[in-house]
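Below: the structure, in structure tokens.
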Amino acid sequence: MNELLKKSATEQSKALKNKEISAVELTTAAFDRINSLDDKLGAFNSLTKEIALETAKKVDEKIAKGEELPLLAGIPLALKDNMNMIGSRTTASSKILENFESPFNATITEKLLNNLVPIVGKANLDEFAMGSSNENSAFKKVHNPWNLDKVPGGSSGGSAASVAACEATLALGSDTGGSIRLPASFCGIVGMKPTYGRVSRYGLIAFASSLDQIGPFARTVEDAANLLEVISGYDPNDSTSLNLPVEHFAQNLNNDIKGKKVGVIKELMEEGLEPAVKKALENAIETYKNLGCEIVEISLKKLKYSIGIYYILATAECSSNLARFDGVRYGYRHPNAQNLMDLYTKSRAEGFGPEVKRRIMLGTYALSSGYYDAYYKKAQQMRTLVTEEFLEAFKQADVLISPTCPNTAFDLGAKASDPLAMYLTDIATISCNLAGLPGMSVPAGFDEQGMPIGLQILAPQLQESRLFNFAHKFEQANDFYTKLANI
Ligand code: GLN
């Protein structure tokens, strides 16, 4: 492998500007790495070499002319395969969209292309982003680069694995209940979910629209902050996108956090934590103490309801969002249907996998007349209470910390036949989506088998710069992020 692939985007940008390597060479090196590794890893559903090299060429032309480069120009990036890009298939890892080509670019794709970021391919995921292990892909499993017998986390498992294995320097994922932070934690990299509305979802295949956000994966906090700057901003095509100026999110990375308050979420430090995860959290608390922070214990009593709330709201929204896959407008169409109902039934029965069907049925039930008040309305009311509890918590602390997950990556197959056990993996990540907060996972240590552990940091809405500041300080005070999977 070209050693430069192991470096951060900031370092790769410098190498490009100093002409130590050309953008075409760097992108080609990424493809060499993918070609030699991805049969084992399964991180990519498809590659987009032509598009990537065309972009890289433009970067080299700019460098040759001595022109200023846009942020992250020339840095190889993997796009989760539920984001549209002209010239590629967008499958959401579902048979129903196996051959779907979008006629338009997602807004984030447009922004990446404008900044001359070479998009190397479409990263594998759980079908329609439903899952926590990436085992729900209709095509193939993703393996964890630290141990190929273990899951990479999901649903953005391909995005996380590709960055952890240096097939790409950056990636985008989507996070509805933890799908960026969980795989970042399992793969030992940085993953960040922005405030709801920060990043346009136009061109992202919708799962649960009141929760979905697109966010960055990287191997350093600084790279994640820069990638968020590239993709965020108001978009008239997404009515939920916030009309706020794009910030330079890396502006506060090195701010002193002495005297600031770090809240430790009590309920996430209690039962069910693997001992190594607990130890890593104790180390994180020590780190913040050494940085001069005051540690406060925060109790979030409603947190225990978050999985229940989520699996009503997310399934209700997905049952509605996925109604569009009907064999008429998009994707797979059963060839021998007798009538319209038969066409819907056969196309959907063959096109969707078991987890997606389970979610659609749960959601349809929760929304059905007679049950709506008992389930959907109650869940909405509880969601408000969870959000209010966070507002109170942030009066007592500048950021909140917890493990990203109570456990490290588990064996492939270990939870595949037990949906409830799989759902519980997200206990620490889901409430952040319910409350629309920015949250991230940063590398925080390893367990006795050498599997990575993630520290989750949460901040109030729109305080991404503060979040990156606390994450960067933690990262730089430890050396976990410098360790790469030996693959
Ligand atoms: N694991 C959760 C689920 O299965 C979250 C998925 C996500 O964030 N897209 O729904």
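Order of appearance sets the numbers: ligands from 1, and atoms from 1 within every ligand. Just so you know, these numbers use all the heavy atoms, side chains as well, and skip hydrogens, waters and symmetry mates.
- Side-chain contact check for Glu222 and Ser8: no donor-acceptor pair (N or O, by modelled atom type) lies under 3.5 Å.
- Under the 3.5 Å distance criterion, with hydrogens and angles disregarded, a donor-acceptor pair is assigned to the side chains of Lys80 and Ser156.
- Enumerated by chain and number, the residues approaching ligand 1 to less than 4.0 Å through a heavy atom are Ala129, Met130, Gly131, Ser132, Ser155, Asp175, Thr176, Gly177, Gly178, Ser179, Phe207, Tyr310, Tyr311, Arg359, Asp426.
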Name every donor-acceptor pair, under 3.5 Å, that has one atom in a side chain of residues 413-420 and the other anywhere in the protein, sequence neighbours excluded.
unit_1, atom_1, unit_2, atom_2, d
Asp418, OD1, Leu420, N, 3.4
Asp418, OD1, Ala421, N, 3.3

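- Between the side chains of Arg181 and Asn433, at least one donor-acceptor pair of N or O atoms lies under 3.5 Å.
- Qualifying ring pair (Phe, Tyr, Trp, His ring centres under 6.0 Å) partners for Phe325, counting only residues two or more places apart in sequence or in other chains: Phe128, Tyr330.
- Phe104 is linked by a ring pair (Phe, Tyr, Trp, His ring centres under 6.0 Å) to Tyr202, counting only residues two or more places apart in sequence or in another chain.
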